[in-house]
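This report concerns only the one structure given below.
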Amino acid sequence: MTEIATAAKALQDGSLVAFPTETVYGLGADATNASAVARIFDVKGRPKNHPLIVHVFDVSQINDWAREIPNYAFDLANAFWPGPMTLVLRRTDLAKDFITGSQDTVGLRIPSHPVARELLRTFSELGGKGVAAPSANLFGRVSPTSAPDVLAELGERLVSGDLILDGGSAEVGVESTIIDCTRSAPAVLRPGAITKGMIQEVTGLDLLDEQTEIRVSGSLESHYAPRAKVLLDQEPLAGDGLVALSSIPTPSGVIRIASPDNSEQYARMLYGALREADRLGLERVVAVLPEGEDIAVAVRDRLKRSGA
Ligand code: TXA
Ligand code: MG
């Protein structure tokens, strides 16, 4: 059996499989298996009422999980799937409380990473309905963007039968854009590579504001946090780490940990840089926020939370 076939079988048997997506690595389980999903929460140390995203291979599987899907959600699906986007839709009976945190909605995503696609395709051929997967980090910490990051983060908590698939470094680097599709127009719950402008253009609709009763754990104030203290837009002192666009020089005595040329690179390098700060034992990291309305919005969002 190929490694991916073994992994699909492991999911079917109720084991956990960490796998690459284009955003970040996920910690996957069969989304219909209550005890397998319970292990995700144990391994991550995540509160049980936080909903999980269900990953599927093909749009035809969306109706298994969601009902009353508005037309604009299909427009988004056609435009951006497979890709770094999660749609929150009214759930069917297949989406149990242990997936949705007892809400009446379910988050769905079709990732584009070839390893994720092959895993989801093989799993669905075995009769699997979908793979529940949060980011493969301990609760509140920085999401992993490589297989070694997953191993360092969760290795000790995985057991025999669990697997980590290696698909290289995540290309996007920050988690998917989450879009609430349960009202008359879309609302962005978590910014990502699919921007508000892109959503407006595809749907022709003005976006609604985020509804506060929807629980998005990634919207807790303190999240995505390394051990080092993250300070935003401050003058770095000697011994501090610095994350900033390459156009910004490094003051003497400051430890440069990332020097991206643009916002896309910033997103790709961000979590690796925060992990590097911890490996170096830095106490403080200064991040200079990128400007702009593209993926820079997501970078600013994560940096603000990592420092909260
Ligand atoms: O890019 C991503 O989305 C990655 C990869 C692995 O797919 N996954 C990810 O999962 O970031 P997680 O669990 O770390 O973050 C998903 C967020 C959580 O904050 C959760 O609260 C929210 O999605 N979410 C899931 N289902 C939801 C729902 N039905 N309503 C509102 N928020 C939901
Ligand atoms: Mg997460």
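When a ligand or atom number is given, it counts from 1 through the structure's own listing order.
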For ligand 1, the portion of Val88 having any non-hydrogen atom under 4.0 Å away: side chain
Per-residue contact class, His50 against ligand 1 - non-hydrogen pairs under 4.0 Å: neither
Numbering as shown, the atoms of ligand 1 that approach Gly26 to under 4.0 Å (heavy-atom distance): 6 (C)
Within reach of ligand 1, part of Arg91 (heavy-atom separation under 4.0 Å): neither
Ser135 N/O/S atom closer than 2.8 Å to the Mg ion (ligand 2): yes
Min N/O separation Tyr25 to ligand 1 under 3.5 Å: no
Proximal candidate to atom 5 (C) of ligand 1 [heavy atom criterion; set Arg109, Arg190, Lys44, Glu175]: Arg109
For Ser135, the ligand 1 atoms whose distance to one of its heavy atoms is below 4.0 Å: 8 (N), 9 (C), 10 (O), 12 (P), 14 (O)
Test item: Ser176 side-chain N/O and Ile178 main-chain N/O as donor-acceptor pair under 3.5 Å: no
Distance-only side-chain donor-acceptor flag, Asp58 / Ser60, under 3.5 Å: yes
Thr250 and Arg256 side chains, donor-acceptor separation under 3.5 Å: yes
Same apolar cluster (I L V M F W Y, side chains within < 4.5 Å links), Val286/Val142: no
Under 3.5 Å: N/O of Thr21 near N/O of ligand 1: no
Residue that, paired with Tyr271, satisfies side-chain hydrogen bond (donor to acceptor under 3.5 Å, both in side chains) out of Glu175, Arg141, Glu276: Glu175
Validation row, ring centre His113 to ring centre Phe19 under 6.0 Å: no
Donor-acceptor pair between Asp261 and Ser246 side chains, under 3.5 angstrom: yes
Criterion side chain to side chain contact (heavy atoms under 4.5 Å, CB included) on Arg117 and Ile110, from CA distance to verdict: CA-CA 8 Å; Arg117 285 196 67 60; Ile110 302 181; 3.6 Å; yes
Polar atom proximity, Ser176 to ligand 1 (N or O, under 3.5 Å): yes
Expected output: side-chain Asn33 to main-chain Asp30 donor-acceptor under 3.5 Å: no
Close approach of Thr100 to ligand 1, heavy atoms, under 4.0 angstrom: no
Phe41 ring center near His50 ring center (under 6.0 Å): no
Element-labelled atoms of ligand 1 that are located less than 4.0 Å from some non-hydrogen atom of Arg46: 12 (P), 13 (O), 14 (O), 18 (C), 20 (C)
Row check, Tyr224 ring normal vs Arg302 NZ/CZ: under 6.0 Å, within 45°: yes
Contacting atoms of ligand 1, where contact means under 4.0 angstrom from a heavy atom of Gly107: 26 (N), 29 (N)
Distance filter under 4.0 Å to Ile178 heavy atoms, resulting ligand 1 atoms: 17 (C), 22 (C), 23 (O)
Ligand 1-proximal atoms of Arg90, by part, heavy-atom distance under 4.0 Å: neither
Residue selection (non-hydrogen contact nearest atom 20 (C) of ligand 1) among Pro134, Gly192, Pro51, Pro111: Pro51
Close-contact set for ligand 1 against Thr105 heavy atoms, below 4.0 Å: 28 (C), 29 (N), 30 (N)
Residue portion contacting ligand 1 (non-hydrogen atoms closer than 4.0 Å) for Val106: backbone
